[in-house]
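These notes are about the structure you will find just below.
Computed from a predicted model, the values in this text were never measured in an experiment.
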Amino acid sequence: MFDALAYRILRLFVQLVSRIPLPVVQFAGKMLGSLAFLVPMSRKSAALENLLQSFGPEMTEDGAKRLLRKIYIHFGQMFLEVPHAMQLTPENIDRYVTFESEEHLLDALKKGHGVLALTSHLGNWEIMSTAVAMRHGNLAVVARRMDFAPLERLIVDLRSRYGTEIIPKQRSMRKLLASLKQNKIIGVLLDQNVDWYEGAFVNFFGRPACTNKGLALVALKTGAAVVPIFSAKARDGRYRVMIGKEVELVRTGDKIRDVEENTALFTRIIECRIREHPDQWFWFHKRWKTKNSCPLPQGYFDA
């Protein structure tokens, strides 16, 4: 009873916000983010520490605080922009997103082995996902279930509006392989911390970050194309959907080495995009939470 009522309230909120003109929503989101920045929270301290450690001497504490305020503003806007996924149609898509180098995705799909879309929590990944699904169809995303059931139901509604298949992160391999056989585009967010037994420790902003090795395993096993797809907000308020060239995988014949080197390669691609738009990545996440069992020597990643 409570879950059903909570779902209806959340859905009503989303429907109401989706009807507010986008410029008004973005202004309100800017105000919301600016106010949230003033509230002391543990995640705020974690984000500030992440910025200082990631950018090193080039980032002063004052600079990190200014950047963090921009990050709050971005996510305040994103919070209110996501409901507009309900209003996205082929007729109005140009109001929300622009596509860059779309031919890379089309060329990869022509191979017929499916596409693994390498992406991250940068820009507005929900709007991007909806736009790609509407434009190309045949999309699936690997996602962790929300802890709050009404919110999970609402997010699934939004994500599946154009037929997107939601593949639960836990025990996803069988469904993922089946989707690739159907030549689907599989969205994989590869910028989150995982437990040591799920990942490989690779360099991310100069520190070892435990990163899910599933994408590398699947790409090496199936021959599916790995295509980087990221979003970032432009000056005009629209999101650029930036599609990169298919990633050339490392294949040495040593399975463990190939998995680790390709996971590192994917992470470097993500880092490059974040460095281009540092104010639009989710720095609040405890990306370096999992620690390697033995300390790596100083300068390890410089080799």
Side-chain angles (χ1 to χ4, degrees), residues 37 40-72 74-75 116 118-123 125 142 144 169 188-217 219-220 226 228-232 242 244 247 249-250 252 254 256-303:
F37 177 70
M41 293 182 288
S42 60
R43 287 293 177 127
K44 181 179 179 179
S45 299
L48 187 63
E49 185 63 23
N50 282 340
L51 289 170
L52 289 168
Q53 291 199 34
S54 296
F55 290 99
E58 65 187 275
M59 178 70 71
T60 65
E61 187 163 350
D62 285 344
K65 288 177 180 177
R66 287 194 297 271
L67 178 54
L68 185 57
R69 184 177 181 274
K70 292 180 181 178
I71 292 164
Y72 267 88
H74 170 73
F75 283 99
L116 293 162
L118 168 65
T119 190
S120 70
H121 294 86
L122 180 72
W125 54 94
V142 179
R144 184 182 70 83
K169 189 176 178 181
V188 183
L189 292 147
L190 202 70
D191 59 342
Q192 290 190 306
N193 179 72
V194 294
D195 289 321
W196 64 268
Y197 50 83
E198 294 181 294
F201 285 94
V202 299
N203 181 20
F204 185 56
F205 283 93
R207 289 179 284 160
C210 196
T211 305
N212 197 310
K213 56 190 178 186
L215 177 58
L217 283 166
L220 290 165
V226 178
I229 306 180
F230 298 92
S231 71
M242 304 172 288
V247 180
L249 300 183
V250 176
T252 66
D254 181 330
I256 294 176
R257 178 182 173 186
D258 288 351
V259 167
E260 290 182 350
E261 290 203 12
N262 284 296
T263 302
L265 172 60
F266 302 152
T267 303
R268 284 197 299 274
I269 292 169
I270 291 171
E271 181 177 329
C272 284
R273 284 300 187 187
I274 295 171
R275 285 185 179 275
E276 291 172 2
H277 307 280
D279 58 323
Q280 297 186 41
W281 188 62
F282 197 73
W283 291 96
F284 306 96
H285 176 61
K286 295 180 180 179
R287 181 64 182 91
W288 294 269
K289 180 180 178 181
T290 300
K291 304 299 181 185
N292 45 312
S293 57
C294 56
L296 295 175
Q298 189 173 7
Y300 177 83
F301 288 124
D302 298 332

Do [X] and [Y] have side-chain heavy atoms sitting under 4.5 Å apart?
X    : Y    : answer
P278 : L67  : yes
V259 : K213 : yes
H285 : N50  : no
F204 : I274 : yes
C210 : D195 : no
L118 : L190 : yes
E260 : D254 : no
L215 : T263 : no

How far does [atom1] of [X] sit from [atom2] of [Y], to the nearest 0.5 angstrom?
X    : Y    : atom1 : atom2 : value
Q280 : W125 : CD    : CH2   : 10.5 Å
L249 : L265 : CG    : CG    : 7.5 Å
L68  : L48  : CG    : CG    : 6.0 Å
F266 : E271 : CZ    : CD    : 15.5 Å
K65  : R69  : NZ    : CZ    : 14.0 Å
Q53  : W288 : CD    : CH2   : 8.0 Å

Grab the two heavy atoms, one from [X] and one from [Y], that are nearest each other, plus how far apart they are.
X    : Y    : result
A232 : M242 : CB-CE, 3.7 Å
N193 : T290 : ND2-OG1, 2.9 Å
P228 : V226 : CD-O, 3.9 Å
S54  : R275 : O-NH2, 4.1 Å

Verify, without hydrogens or angle tests, whether [X] (side chain) and [Y] (backbone) share a donor-acceptor contact under 3.5 angstrom.
X    : Y    : answer
E198 : N212 : no
T211 : A209 : yes
T119 : I229 : yes

With a 4.0 Å cut-off, would you call E276 and R273 a salt bridge?
yes

Determine, step by step, whether W281 and D191 satisfy the side-chain hydrogen bond (donor to acceptor under 3.5 Å, both in side chains) criterion, reporting the C-alpha distance in whole Å, the side-chain angles of both residues, the deciding distance to 0.1 Å, and the verdict.
CA-CA 10 Å; W281 188 62; D191 59 342; 2.7 Å; yes

Cation over ring, K44 on F284, under 6.0 Å and within 45°?
no

I'd like to know whether H277 forms a side chain to side chain contact (heavy atoms under 4.5 Å, CB included) with F230, so could you lay out the CA-CA distance, the side-chain angles of the two residues, the decisive distance to 0.1 Å, and finally the verdict.
CA-CA 11 Å; H277 307 280; F230 298 92; over 6 Å; no

Does atom CZ of R257 have more than 12 heavy-atom neighbours, drawn from other residues, nucleotides or ligands, at distances under 6.0 Å?
no

Between H74 and D279, do the side chains contain a donor N or O and an acceptor N or O under 3.5 Å apart?
no

Just checking, any donor-acceptor pair under 3.5 angstrom between side chains of Q192 and R287?
no

With ring-ring contact (aromatic ring centres under 6.0 Å, His included) as the test, pick out the partner of W283 among Y72, F75, F55.
F55

Does N262 form a side chain to side chain contact (heavy atoms under 4.5 Å, CB included) with L220? I'd like the steps, not just the answer.
CA-CA 9 Å; N262 284 296; L220 290 165; 3.8 Å; yes

